[in-house]
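Chain A is the first sequence line, chain B the second, and so forth, proteins listed ahead of strands; every chain is numbered from 1.
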2 protein chains.
Amino acid sequence: MNYNNITIDHLRVGVVVLVSIDSKSGVPFYRQIIEQVKFAIARGDLEPGDRLPTVRQLAVDLSINLNTVIRGYRELEIEGVIETQQGSGTFVGRKRPKIDDLERQRMLNQILTELLARASDYGFTLDEVLQGLSQRKEKSS
Amino acid sequence: MNYNNITIDHLRVGVVVLVSIDSKSGVPFYRQIIEQVKFAIARGDLEPGDRLPTVRQLAVDLSINLNTVIRGYRELEIEGVIETQQGSGTFVGRKRPKIDDLERQRMLNQILTELLARASDYGFTLDEVLQGLSQRKEKSS
DNA sequence: ACTATTGTTATAGTGAACTATAACAATATT
DNA sequence: AATATTGTTATAGTTCACTATAACAATAGT
């Protein structure tokens, strides 16, 4: 699929874009898969127990090689994000890290600070960041 | 330099971060140089006639190879963003670099995707991230 | 039981990015 | 004029991401 010179292959599950690959971004495909699966979980589009696309199906849909998908899935499994069952499929894991509220808050603040620092390096304003995030929320609903 | 497992080599000119390389992002070094020089100009941190770091100096400061710097500079010159003078140096050209909306969009998307992937690692949802950011906006106004 | 579907493993090849190193060419400095 | 500094060019080798292809292994469905 082609949007204004940005080539994006994607896979929709229902109405939701699960994984999309930007072949011009310079970011390795398998990494894009990893990030976007995590992102989908953060968004709530994927919940524990949900089934992911089969490795072959995703390879076809994204027009990439089977091994590249496997590589992404494997790293996700190593990180404990997903669980694979040979013969049956790949599923979102049940793992949820336990952190107390204070530590959680601190962690979130740190992540946000780094984000804003980077965004500002590139000349983005807080409003633009907020808007970009809001759009992602809309897409998923 | 090391911030929470994110390795960032950077070069400051004055107080401003001119070019920083994230070796874990997967984005080729020479591309990061190109992008960041363009954004520095767009931001106003670099103005027409300003001198850029020498190829050798930048290579040393970023701990990358001379040829990689040259590759980035060369593309910037081809695009007309900078002008090189053998023997004297590399300078910002008079022409303003076009950072089209697509490129900006891509950059923001990349930053947001990374953020959300990390947030997901710590069990944060998109909503929590949005809420955290909104609070920062209130504070700043 | 058989078959289809799922994930797994293995091998081999290609191209891009990066590195190391050396020599060359133009300009600035002394 | 001589030297240092700047960008340029060239060669060669390494690593990584990706592809193509094939066979294997476990599970689900019939």
Next item on the list: Could you check if a side-chain atom of B/Q36 sits within less than 4.5 angstrom of a side-chain atom of B/F39, using non-hydrogen atoms only?
Entry: no
Give every pair of a protein N or O atom and an N or O atom of nucleotides 27-30 of chain D that lie under 3.5 Å apart, one pair per line with the distance.
residue: D/dT27; atom: O4'; partner: A/Q86; partner atom: O; Å: 3.4

Margin query: So A/R31, base contact, sugar-phosphate only, or nothing? Heavy-atom distance under 4.0 Å.
Written below: nothing
Check: When you match B/T90 and A/V27 each to their closest nucleotide on DNA chain D, which lands nearer the 5' end?
Finding: B/T90
Next item on the list: State which of C/dT21, C/dA17, D/dC18 makes the closest approach to the side chain of B/N65.
Entry: C/dT21
Item checked: Rounded distance in Å - CD (B/E75) to P (C/dA17) -> 9 Å
Check: To the nearest angstrom, how far is A/E83 atom CD from C/dG7 atom P?
Finding: 14 Å
Check: Does OP1 or OP2 of D/dT6 have a side-chain N or O of B/T84 closer than 4.0 Å?
Finding: no
Next item on the list: Return the value, rounded to whole Å, for the distance between atom CD1 of A/I82 and atom P of C/dT6.
Entry: 15 Å
Next item on the list: Give a yes-or-no answer on whether the side chains of B/T113 and A/E35 include a donor-acceptor pair shorter than 3.5 Å.
Entry: no
Next item on the list: Check the distance between C/dT8's P and A/I78's CD1 and give it to me in whole angstrom.
Entry: 11 Å
Notebook entry, point to check: Just by distance, with hydrogens left out, do A/S25 and A/R31 show a side-chain donor and acceptor under 3.5 Å apart?
Noted result: no
Note to self: Tell me the interatomic distance from B/R74, atom CZ, to C/dA17, atom P, rounded to whole angstroms.
What the structure shows: 13 Å
Margin query: For a 4.5 angstrom cut-off between non-hydrogen side-chain atoms, does A/K38 reach B/D121?
Written below: yes
Notebook entry, point to check: Do B/N67 side-chain and D/dA10 base share a donor-acceptor contact under 3.5 Å?
Noted result: yes
Note to self: Students often get this wrong, so: under 4.0 angstrom with heavy atoms, is B/T68 touching a base, only sugar-phosphate, or nothing?
What the structure shows: base
Next item on the list: Find out if a path of hydrophobic residues (ILVMFWY) with successive side-chain heavy-atom gaps under 4.5 Å connects B/L130 to A/I111.
Entry: yes
Item checked: Any B/Y30 side-chain nitrogen or oxygen under 4.0 Å from OP1 or OP2 of C/dA17 -> yes
Next item on the list: Please report, rounded to the nearest Å, how far the C1' atom of C/dA26 is from the CZ atom of B/R56.
Entry: 12 Å
Check: Among the nucleotides C/dT19, D/dC18, C/dT9, which one has an atom lying closest to any side-chain atom of B/I64?
Finding: C/dT19
Margin query: Can you identify which nucleotide, out of C/dT6, C/dT9, D/dG7, has its nearest atom closest to the A/I70 side chain?
Written below: C/dT9
Check: Does a side-chain heavy-atom distance below 4.5 Å link A/T84 with A/V55?
Finding: no
Next item on the list: Looking at every strand, decide which applies to A/F29 at a 4.0 Å heavy-atom threshold: base, sugar-phosphate, or nothing.
Entry: sugar-phosphate
Next item on the list: Answer with yes or no whether the hydrophobic clustering places A/F29 together with A/V81; edges join I, L, V, M, F, W, Y residues whose side-chain heavy atoms lie under 4.5 Å apart.
Entry: yes
Check: Rounded to whole angstrom units, what separation is found between the CD1 atom of B/I34 and the P atom of C/dC18?
Finding: 10 Å
Check: Is it true that the NZ or CZ of B/R118 lies under 6.0 Å from the centre of B/Y122's six-membered ring and within 45 degrees of the ring axis?
Finding: no
Item checked: Per A/L66 side chain, nearest of listed nucleotides C/dT6, C/dT19, D/dA22 -> D/dA22
Notebook entry, point to check: Separation of B/R71 atom CZ from D/dT8 atom P, in whole Å?
Noted result: 15 Å
